[in-house]
*Asks:* 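Quick one: this structure, given as structure tokens, is what I'll be asking you about.
Letters A, B, ... mirror the listed sequences (proteins, then strands); counts begin at 1. Here the structure is a predicted model, which means the values were calculated and not measured.
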Amino acid sequence: MREYNPQSLDRKWQKRWMETDAFEVTEDPSKPKFYCLEMFAYPSGHAHVGHVRNYMIGDVMARQKRMRGFNVLHPFGWDAFGLPAENAAIKQGVHPEKSTLANIAHMKGQLQRLGISYAWNREIATCLPEYYKWNQWLFIRMFERGLAYRKRSTVNWCPSCQTVLANEQVVEGGCWRCGTVVGSRNLEQWFLRITRYAQELLDATDRLTGWPEKVLTMQRNWIGRSEGTRVTFPLLAPGASAPPAGLRPDDAPDIEVFTTRIDTIYGATFVLLAPEHEWIERIADESVAPEAFRQHVQRFRAQDRTARLTGQIEKEGFFTGRYAVNPFTGRAVPLWVANFVLGEYGTGAVMAVPAHDQRDFEFARKYSLPVDVVIQPEGEGGGRPPLAAEMMTEAYEDPGRVVNSGEFSGLWSTDAIAAMADTAEARGVGARTVQYRLKDWGISRQRYWGTPIPMIYCGHCGVVPVPDDQLPVVLPTVSEFTGRGDSPLAQVPEWVNVTCPTCGGAARRETDTMDTFVDSSWYFYRYCDPRNDSRPFAPSAVNYWCPVDFYSGGVEHAILHLIYSRFFCRVFRDLGMVGHDEPFTRLLTQGMVLKDGSAMSKSKGNVVDPDDMVGRYGADALRLYVMFVAPPENEIEWSDAGLEGSARFLARVWRLVDQWCGALEGRNAPAPGGLSLTEAEQALRRVTHDTIRRVTHDLDPRVHLNTVVSALMEMVNELYAFSEAHTHTGAPSRRPMGEAAPVEERLETLSVLKEAVEALVLMLSPFTPHTAEELWEMLGHQGGLTAAAWPSYDPVVARSSEIVVPVQVNGKLRSRLTVPLDIVEDELRELALADAAVRVHTSGRTVHKVIVAKGKLVNVVVK
RNA sequence: GCGAAAGUGGCGGAACUGGCAGACGCGCCGGACUUAGGAUCCGGUAGCCGCAAGGCUAUGGGGGUUCAAGUCCCCCCUUUCGCACCA
């Protein structure tokens, strides 16, 4: 009897895999490819089991695909730039590069001790110049195509991280990383024009059939397409409160509003401007009290974002003293500034229809502005009195019948929208437009630990990209980290001051760095050709491996990373470098691992370190437990007891194989046809083949990893029962230590067992590779599991020749019949009716109908 | 408020296109082997009634479709997640 010592097996096989480059791959057009990817890791220091769950899921998929004959690319790397390393530098004085590389080394060891089958030769780290050089290269290509541009704008500012945040990085008004309430600043920033692809990104979500619906919904909402009309409200001159008949003051600007409900425009009794509206300054100047006006605006701007996140912020506004003309009614309507109107959406101005928009309604009531009903609900079966402005307590926002709207009165809302948009276009006072919530992506960060933006500012030539042959712009070594909020790179004059590449005059470098989400938007392409030093990657390599076939990671990246990557994919496509539209074919969002009811974190002190568990039970028990406890998408609650259960199961498998491997040596699997098998032998064969069938399907299209494990557990239970019946001394454990098992010698028994045990070990191997390798070797196989093929099943063998058919009477189970698989329907019906238990429930009643569901059940309907 | 997903034993979860609800594991109970066992093996374990055979009730609640519903349809409740003044 051999002792099961998982830790020593871990070491033995990890060493073997390393020495033989077992998981390294090259492009091989003769084999089908499979690109299996887990989201790369932020090198925070130590991986906990919540992190590594994802890698285990990917590893099961990768290993299984390899055995099924695929050429599998399964790489790993490090999302190594970012704030935490820099913040640590500010606090502890350790240079970010040093701490990052040390963290990478530690975490890599953790993953290797779990036996994750990565192609480590392809490892990348985004903080290395050989990687970020290509961020810079791509940025310049985008600049050349108008996809990267610079503008001054109000941006989200995290006062704690001291940097700009993209819209996507503001979560409920707080910083996505530290939670601090986000403020705003007005800065010159670099933007990537993701909005150019807004429509395409939206349309393509329908074709992402391998993605969770939840993620697609989030992305669609984020892109936020809405169709409407832009309508012009001419602004009257200061002091004017009625349109001068047929006359427009030439110098007065027009107020453009965006509306999705042009059908309500006859009810637009005032117009609201955002505090950020482009003409606020001018209107303030022209007002009777410019100072008071500006103070109001300032107050609203300060409220913006900060007060808003706490929920309902009080709707406030003030009258500008000016009027604009409603182009449909021809009447002058007052122009107000309101704190709830967003400067960054639509035109920054809205027509207010208090009768049919709740916000406008509240605003109108507060300031006693007129409410005009122009939509009447269609009464269902009557009696409901029509809406009357003075009786309303809230806005009526649903569609309805248009009233008091001139020639459009009587139309249904949806028809009115079309008719009124046509009219607006014909009269030149409006145009149909599409608005998106998606904004261009601001990528400038006033921080050190990131990719320098490869731009140079020259007094003569303006903004000039760094020439390709001078890339990478290497991040200079900075020794002092203050966290002051100005770009640390600005402190390095010898780096900042350069000569202009165009005119040779004195110039300065851009001192901001890129958002780290740039790094992660294309890293999956770099793995395909990770050491290329002349291009980001060779298109041929990417076009062999990509798109990624299976991608797994946390839902927290449902918007940010996944939408940016889809954007970058299209940029590379339009550069002619990749031949696909979508980077990730199948996406799995894995659930978190909770401990004591909450997500693991250092601050809560509830982290489970995989190394501790590996030390106690070995890598395989941990892997098996995490895969078994719940479907990969679910959250799981960490349980030491569950882990012990998995360890027990592996020991059970070990004892089984250990008992039989000697006797099985040199046996052959049963020949097709199986001839003279006993009933028990046939039953075991059926279990073997049926388990292979179930496991194979649950693994591949379905990715139900927990049921794969339970199927294997059932098989082991069957094997124990079989084994017990075929040994002279009974269960393996009853045997005295060190004594050889006296086993059955019947040839057929051994063949059937061999087939079963080998299939078991093979199917277990993606989950518990170390144990499986050892068992495979004990079964007499050379060359390891990397050379072994996934077991195949014979559907005929997997089916039993006899089936058990439940028989119901009036839908209640009353009996079971064991019948031949190929029994004809009539015969089955007769057998069911003749069954004693059935007759008890049918006697004295008339059989109304007998339903025979082929191969499934019989239902006798009686009255 | 809008959108999405989900509610199944003490617990995690099975049940692929409507067809035996509760697979598998954890926990618990009992037995075997043992000086001992927290090792191992075997058995039991949704609830209620019954000595038993068996019967009845059960998949958040209420209706419906169907021979048959955890699964499909309608209404309600709860939970989780996402978006949140987007005009």
*Asks:* Once salt bridge (Lys or Arg N to Asp or Glu O under 4.0 Å) is applied, do any residues pair with R220(A), and if so which ones, sequence neighbours excluded?
*Replies:* D206(A), E213(A)
*Asks:* List for me each residue that meets salt bridge (Lys or Arg N to Asp or Glu O under 4.0 Å) alongside E316(A), sequence neighbours excluded, and say none if there are none.
*Replies:* R299(A)
*Asks:* Identify, with sequence neighbours excluded, every residue that meets side chain to side chain donor-acceptor pair (under 3.5 Å) alongside R829(A).
*Replies:*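 If we apply the side chain to side chain donor-acceptor pair (under 3.5 Å) test to R829(A), skipping adjacent residues, the hits are D826(A).
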*Asks:* For every nucleotide of nucleotides 9-18 of chain B, 5' to 3': is a protein heavy atom under 4.0 Å from its base (B), only from its sugar-phosphate (S), or from neither (-)?
*Replies:* ---BSSSS--
*Asks:* Hey, what are the protein-to-nucleotides 68-71 of chain B N/O distances that come in under 3.5 Å?
*Replies:*
none

*Asks:* Taking OP1 and OP2 of C86(B), is either one under 4.0 Å from a side-chain nitrogen or oxygen of R225(A)?
*Replies:*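 Answer is no, no contact under 4.0 Å.
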*Asks:* Among residues at least two apart in sequence or on other chains, which ones pass side chain to side chain donor-acceptor pair (under 3.5 Å) with E362(A)?
*Replies:* Q358(A)
*Asks:* Please determine whether any donor N or O and acceptor N or O are separated by less than 3.5 Å between the side chain of R648(A) and the base of A39(B).
*Replies:*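 Flag unset: no donor-acceptor pair detected.
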*Asks:* Using the ring-ring contact (aromatic ring centres under 6.0 Å, His included) criterion, which residues pair with H689(A)? Sequence neighbours excluded.
*Replies:*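 Not a single residue meets the ring-ring contact (aromatic ring centres under 6.0 Å, His included) criterion with H689(A).
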*Asks:* Give a yes/no answer on whether the side chain of R652(A) brings an N or O atom under 4.0 Å of OP1 or OP2 in C41(B).
*Replies:*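 Indeed, a polar side-chain atom of R652(A) lies that close.
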*Asks:* Under the ring-ring contact (aromatic ring centres under 6.0 Å, His included) rule, collect the residues that match up with F361(A), sequence neighbours excluded.
*Replies:*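 Per chain and number, F361(A) pairs via ring-ring contact (aromatic ring centres under 6.0 Å, His included) with no residue.
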*Asks:* I'd like to know if R702(A) pairs up with D698(A) as an ion pair, taking the criterion as any Lys NZ or Arg NE/NH1/NH2 lying under 4.0 Å from an Asp or Glu carboxylate oxygen.
*Replies:* yes
*Asks:* Only counting residues at least two apart or in another chain, list the ones meeting ring-ring contact (aromatic ring centres under 6.0 Å, His included) with W211(A).
*Replies:*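 For W211(A) there are no ring-ring contact (aromatic ring centres under 6.0 Å, His included) partners, ignoring immediate neighbours.
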*Asks:* With a 3.5 Å cut-off and sequence neighbours excluded, list the donor-acceptor pairs that the side chains of residues 805-814 of chain A form with protein atoms.
*Replies:*
{"residue": "N810(A)", "atom": "OD1", "partner": "V862(A)", "partner atom": "N", "Å": "2.9"}
{"residue": "N810(A)", "atom": "ND2", "partner": "V862(A)", "partner atom": "O", "Å": "3.4"}
{"residue": "R814(A)", "atom": "NH1", "partner": "H841(A)", "partner atom": "NE2", "Å": "3.4"}

*Asks:* Output one letter per nucleotide in nucleotides 46-59 of chain B: B when a protein non-hydrogen atom lies under 4.0 Å from the base, S when only the sugar-phosphate is that close, - when neither is.
*Replies:* ---------SSS--
*Asks:* Considering residues at least two apart in sequence or located in another chain, which fulfil the side chain to side chain donor-acceptor pair (under 3.5 Å) criterion with N706(A)?
*Replies:* none
*Asks:* Quick check on A87(B): is either OP1 or OP2 less than 4.0 Å from any side-chain nitrogen or oxygen of S226(A)?
*Replies:* yes
